[in-house]
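Only heavy atoms go into these numbers, but all of them, side chains included; no hydrogens, no water, no symmetry mates. Both counts, for ligands and for their atoms, begin at 1 and track the order of listing.
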Amino acid sequence: MARALIGVIGGSGLYEMPGLSEVEALRIDTPFGAPSDTIVWGKLQGIPVAFLARHGRGHRLIPGEVPYRANIHALRQLGVRYILSLSAVGSLREEVRPLDMLIPDQFIDMTRKRDSTFFGGGAVAHVAMADPVCPSVARCLAQAFERTQADQPIRLHRQGSYVCIEGPQFSSRAESHWYRSMGASVIGMTNMPEAKLAREAQIAYATLAMATDYDCWHPREAAVTAAVAIANLQQNAARAQQIAAEAIRLLGEEQPHSFAHSALESGLVTPLEALPKDTLAVIKPLLAPTEPVPEEVER
Ligand SMILES: CSC[C@H]1O[C@H](OP(=O)(O)O)[C@H](O)[C@@H]1O
Ligand SMILES: Nc1ncnc2[nH]cnc12
């Protein structure tokens, strides 16, 4: 089986990862069904990368239909240690202007009907989510932002809370004001339970969020529409891909240890020998330590 160090999950408007060599399309099966699409494996400057279009190429899956468990399980089967998530978001703060980028350091989960754990079926785990984002991966994204050229003055915000709603409808004005009152900076529909599952799979996770609109709270701006969000995202897509590529290079060079990599050491409550056989088969790939990738990568 192919191995990858870094998984890139491309969101709305980001259905491919340019610049990969030795590309292969992988169909990976998981106990939770198929991922959103084939996983595109390739090397970027010698670093093995697995790219997955969150909504499928052609944008076929609404946020609630994205098979989050299959996506994370499949990336983990490939040995992925770091996930870069690329996402469109609405801004809930005046200072986060449309086209700005933000690296969330917190998530608020307002989703209602998504499978959000690999555990159950006789296996109990409670992973820590106090700090859901890996600071090292977030730093690499921020450094990558600084190092890539912008043809327009886009600003980066290095922290903020991302509130994740069920969707697919955008929020009502009352909800938008409520999320602002919670202290959230940006709003989206996909990063939960993705970030929770990444933590359960012991993968370090961070998101590059691209503001496309002011949702519907702003007194002087029109309420968001999908067409406006996509149009604004398209303006930023090439830059986002450059940032991801540079972050991959930085992560590949540094391969930082993350507390996410040992999340189950303290999180798994049921003793391994007490796990039902079928359940063990499902979670075994999550428990295996992920190995740093040697300089000369073997496949
Ligand atoms: C088309 S705008 C709404 C859509 O975009 C975001 O998805 P992603 O995080 O995959 O970029 C948002 O969460 C909605 O799913
Ligand atoms: N305003 C918004 N609400 C939820 N998801 C979004 N993605 C982009 N803009 C959004």
Side-chain angles (χ1 to χ4, degrees), residues 7-17 35-37 51-68 71-72 83-94 96-104 107-114 132-133 141 157 160-180 182 184-198 205-218 221-237 239-241 243-244:
V8 179
I9 302 182
S12 298
L14 291 160
Y15 311 111
E16 57 183 29
M17 180 82 216
S36 299
D37 206 329
F51 175 83
L52 177 59
R54 183 182 282 125
H55 302 275
R57 279 165 294 177
H59 208 122
R60 292 171 290 99
L61 302 169
I62 62 170
E65 286 175 332
V66 171
Y68 297 98
N71 289 354
I72 300 295
I83 288 178
L84 301 177
S85 143
L86 308 175
S87 275
V89 292
S91 167
L92 297 173
R93 299 285 145 204
E94 182 78 51
V96 182
R97 294 177 300 207
L99 301 182
D100 280 2
M101 298 195 183
L102 183 143
I103 301 172
F107 294 106
I108 300 171
D109 190 355
M110 300 294 291
T111 65
R112 292 175 188 167
K113 46 182 188 186
R114 301 181 186 183
V133 172
L141 278 172
H157 306 264
S161 297
Y162 170 127
V163 61
C164 188
I165 59 169
E166 181 61 43
Q169 304 85 357
F170 290 114
S171 307
S172 68
R173 281 187 217 281
E175 287 166 336
S176 196
H177 286 294
W178 182 39
Y179 301 140
R180 273 168 54 74
M182 286 176 181
S185 294
V186 294
I187 182 166
M189 304 180 191
T190 61
N191 280 204
M192 283 283 158
E194 197 171 83
K196 287 177 173 169
L197 293 164
Y205 181 96
T207 294
L208 180 66
M210 287 154 286
T212 53
D213 55 87
Y214 273 120
D215 199 40
C216 60
W217 61 271
H218 199 290
E221 300 286 339
V224 57
T225 64
V228 165
I230 297 272
N232 280 343
L233 185 74
Q234 278 166 353
Q235 282 195 51
N236 255 348
R239 178 87 194 278
Q241 284 160 338
I243 294 170

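Each of S87, S12, S36 was compared with R54 under the side-chain hydrogen bond (donor to acceptor under 3.5 Å, both in side chains) criterion, and only S87 meets it.
Contact annotation: for I62 versus ligand 1, there are no heavy atoms closer than 4.0 Å.
Counting only non-hydrogen atoms, the option in M189, E175, M210 that gets closest to atom 4 (C) of ligand 2 is M189.
Listed by number with element, the atoms of ligand 2 under 4.0 Å from a non-hydrogen atom of F170 are 1 (N), 2 (C), 3 (N), 4 (C), 6 (C), 10 (C). Residue-ligand proximity, G188 to ligand 1, at heavy-atom distances under 4.0 Å covers atoms 13 (O). Residue-ligand proximity, A88 to ligand 2, at heavy-atom distances under 4.0 Å covers atoms 7 (N), 8 (C). Annotation for ligand 1: atoms under 4.0 Å from non-hydrogen atoms of P63 are 15 (O). Listed by number with element, the atoms of ligand 2 under 4.0 angstrom from any heavy atom of T212 are 8 (C), 9 (N).
By the 4.0 Å N-to-carboxylate-O rule, E16 lies too far from R57 to be salt-bridged with it.
Remark: ligand 2 and G90 share an N or O pair separated by less than 3.5 Å (distance only, no angle test). At a 3.5 angstrom cut-off on N or O pairs, S87 counts as close to ligand 1. The shortest N/O to N/O separation between Y162 and ligand 1 does not fall below 3.5 Å. The shortest N/O to N/O separation between H59 and ligand 1 does not fall below 3.5 Å.
Taking SG of C164 as the reference point, atom CG of N191 lies at 6.5 Å (rounded to 0.5 Å).
Looking only at heavy atoms of the protein, atom 13 (O) of ligand 1 is closest to M189 N, 2.7 Å. For atom 7 (O) of ligand 1, the nearest non-hydrogen atom of the protein is S12 OG, 3.1 Å.
A donor-acceptor pair is defined here as one N or O able to donate and one able to accept, closer than 3.5 Å; no such pair exists between the side chain of D37 and the backbone of A53. When atom types are taken as modelled, the side chain of R180 and the backbone of L92 share a donor-acceptor pair closer than 3.5 angstrom.
Smallest separation of non-hydrogen atoms from S185 and L102: CB-CD1, 4.1 Å.
Y214 and H218 have tilted rings, their planes meeting at an angle from 30° to 60° on a 0 to 90° scale.
Heavy-atom separations between G167 and ligand 1 are all 4.0 Å or longer.
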